[in-house]
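First the proteins, then the strands, lettered A, B, ... as listed; each starts at 1. The analysis underlying the following values was restricted to heavy atoms, covering all of them including side chains, and did not include hydrogens, waters or symmetry mates. What you see is a predicted model, and the numbers here were worked out from it, not measured in a lab.
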Protein chains: 2
Amino acid sequence: MPDESQTRLALLDAAEALFARQGFAATTIKAIGAEAGVNPALLYYYFPDKERLYHAVLERRLGTFARRMATELPAGLPPLEAIERILRGYAAMMHGAPQMPRLLARELADHEAAHALPVIRELAAGLFRRICDLIRAGQRIRQIRDDLDPRFTAISLVSQMAWFFVAQPAVSRLLGYEGTVPPTQVERYTDHAVAFTLAALAPARSRPAARHTRHPTRS
Amino acid sequence: MPDESQTRLALLDAAEALFARQGFAATTIKAIGAEAGVNPALLYYYFPDKERLYHAVLERRLGTFARRMATELPAGLPPLEAIERILRGYAAMMHGAPQMPRLLARELADHEAAHALPVIRELAAGLFRRICDLIRAGQRIRQIRDDLDPRFTAISLVSQMAWFFVAQPAVSRLLGYEGTVPPTQVERYTDHAVAFTLAALAPARSRPAARHTRHPTRS
DNA sequence: GTCTATAGCGGGATAGAC
DNA sequence: GTCTATCCCGCTATAGAC
């Protein structure tokens, strides 16, 4: 649907930016209009209300996201490589939709909120299950240490990317920048996260049964 | 300052819960009153306005937090052990202040928002710097792989704890629970995060010297 | 399609009785 | 200290001119 109204797009872009920065409740219609350089009332010409504008913002990107997931994660991929691609895929959203990671993260954080979108829940659940399966597959072929709980491990992976983007303003300050983190640093962090994760997943290098006195989780 | 008015406390508790769940903007004075089982107007007897109630909510906990940091992180601690304590300390906030991790996380995510509290920035910056220093110290004595960027690594560590709590409702669903994650699972996840992190930090196994003996819980 | 004006409502905050 | 009533403002959303 090439619904190419300029103002419609301007509104979507502005809303995307503001919702990502401030969240849904803190963002006013007037602010969206101002950010878009457009009369605020036009919002109601193109969208039924604020909430459905929010949904439109999310849905506009979900297609691309799902498509990318499908093409970049063909079925037969080795688990470790698939995991790496998922991490990089999350960061890659930044190009072309820089606000999206933060917005998605917010969506998960405000999961209970009235404006939350069911599609996102399902998408998150699907991705989560997929990562869990990849980890189990990796454990089966001894490429991932088998004392890791797949579900918890999946959370560890996602966290590293998600938090980096939600906490963007704080993170950027901590890294010594004003405003947003420059793209080169995003890439460097992504490389780091991949390396960090792969190191954590790697099985202990000695005999498999030699020492598992590692850690007090008695099961 | 044993300012022990019951209603004041009720208001603080209610506000803490709601701000953590919904964020500042989405939380109304009336909702706080209802949650506290108290007349909403009383808010203005005990606090100047909504924003300063929010600050009071944060400040009430910061003392405990800082004190715990100081006592549980004496200066001479080995880097890896100090790092473990930081991770566990974050999770331990849950007891006695279950909403706090999520609230702090929100504070960092909404850093730009008008209501953000400077103290929190400094606290976060201090903690960040401290973790970075610990990592550098660990690298110097060859207990942490030296190809890791200390700043990025610090983010990886914090992320795992922070995101688990911000995304609480989503995470809980993904783990198969309704509502909140049960405390036992929080503990198990914390154990996981510690193990995951230590595995990622461990230097490549070429040097035998790196095999230091750690006892996460000496039983 | 875009704009102005405004309705209508809900939010934060205050006055003052008790 | 607590409660009722209410003010005022800003926000969402609509009506209707152009």
Side-chain angles (χ1 to χ4, degrees), chain A residues 1-60 103 106-107 110 112-117, chain B residues 1-60 103 106-107 110 112-117:
Chain A
M1 25 180 102
D3 194 344
E4 288 304 347
S5 158
Q6 269 323 308
T7 55
R8 195 188 128 96
L9 287 180
L11 284 168
L12 280 171
D13 289 341
E16 185 173 306
L18 289 176
F19 287 148
R21 247 185 268 154
Q22 313 173 339
F24 180 82
T27 301
T28 70
I29 266 82
K30 285 174 190 176
I32 296 173
E35 175 92 6
V38 148
N39 189 302
L42 281 175
L43 194 154
Y44 295 95
Y45 178 77
Y46 290 101
F47 307 93
D49 55 24
K50 185 185 170 187
E51 185 161 331
R52 303 227 236 148
L53 163 63
Y54 177 73
H55 290 174
V57 165
L58 289 175
E59 274 157 359
R60 165 166 75 145
L103 198 53
R106 252 180 215 287
E107 181 71 7
D110 287 338
E112 309 145 318
H115 58 263
L117 200 56
Chain B
M1 35 189 96
D3 195 342
E4 288 304 346
S5 158
Q6 269 322 311
T7 54
R8 195 187 128 96
L9 287 180
L11 284 168
L12 281 171
D13 289 340
E16 187 172 306
L18 289 175
F19 287 149
R21 245 184 270 154
Q22 313 174 338
F24 181 82
T27 300
T28 71
I29 266 81
K30 287 171 192 176
I32 296 173
E35 175 93 6
V38 149
N39 189 303
L42 281 174
L43 196 154
Y44 295 95
Y45 178 76
Y46 290 101
F47 307 94
D49 55 25
K50 185 186 171 187
E51 186 159 332
R52 303 227 235 148
L53 163 62
Y54 177 73
H55 289 175
V57 164
L58 288 174
E59 274 157 359
R60 165 167 77 145
L103 197 54
R106 252 180 215 286
E107 181 71 8
D110 287 338
E112 307 148 320
H115 56 263
L117 201 58

Below 4.0 angstrom from OP1 or OP2 of [N], is there any side-chain N or O of [X]?
| X | N | answer |
| --- | --- | --- |
| Thr7(B) | dG1(D) | no |
| Ser5(A) | dG1(C) | no |
| Tyr44(B) | dA13(C) | yes |

> Would Tyr54(A) and Glu107(A) count as having a side-chain donor-acceptor pair, cut-off 3.5 Å?
Replying inline: yes
>> Does this structure show an ion pair linking Glu35(B) with Lys30(B), if we count only N-O contacts that are shorter than 4.0 Å?
In response: no
>> Pair Asp110(A), Arg106(B) - check salt bridge (Lys or Arg N to Asp or Glu O under 4.0 Å), show working.
In response: CA-CA 10 Å; Asp110(A) 287 338; Arg106(B) 252 180 215 286; 2.7 Å; yes
Between [N] atom [atom2] and [X] atom [atom1], what is the distance in whole Å?
| X | N | atom1 | atom2 | value |
| --- | --- | --- | --- | --- |
| Leu9(A) | dG1(C) | CG | P | 12 Å |
| Leu42(A) | dT2(C) | CG | C1' | 5 Å |
| Leu43(A) | dT12(D) | CG | C1' | 10 Å |
| Lys30(B) | dG10(C) | NZ | C1' | 6 Å |
| Gln6(B) | dT2(D) | CD | P | 10 Å |
| Asn39(A) | dG1(C) | CG | C1' | 11 Å |
| Lys50(A) | dG10(C) | NZ | P | 15 Å |
| Tyr45(B) | dT4(D) | OH | C1' | 18 Å |

> If you check every side-chain atom of Tyr46(A), which of dT4(C), dG12(C), dG1(C) has the closest atom?
Replying inline: dG1(C)
> Between dT2(D), dT4(D), dA13(C), which one does the side chain of Ile29(B) approach most closely?
Replying inline: dA13(C)
>> Tell me whether Lys50(A) forms a cation-pi arrangement with Phe24(A), defined as NZ or CZ under 6.0 Å from the six-membered ring centre and within 45 degrees of its axis.
In response: yes
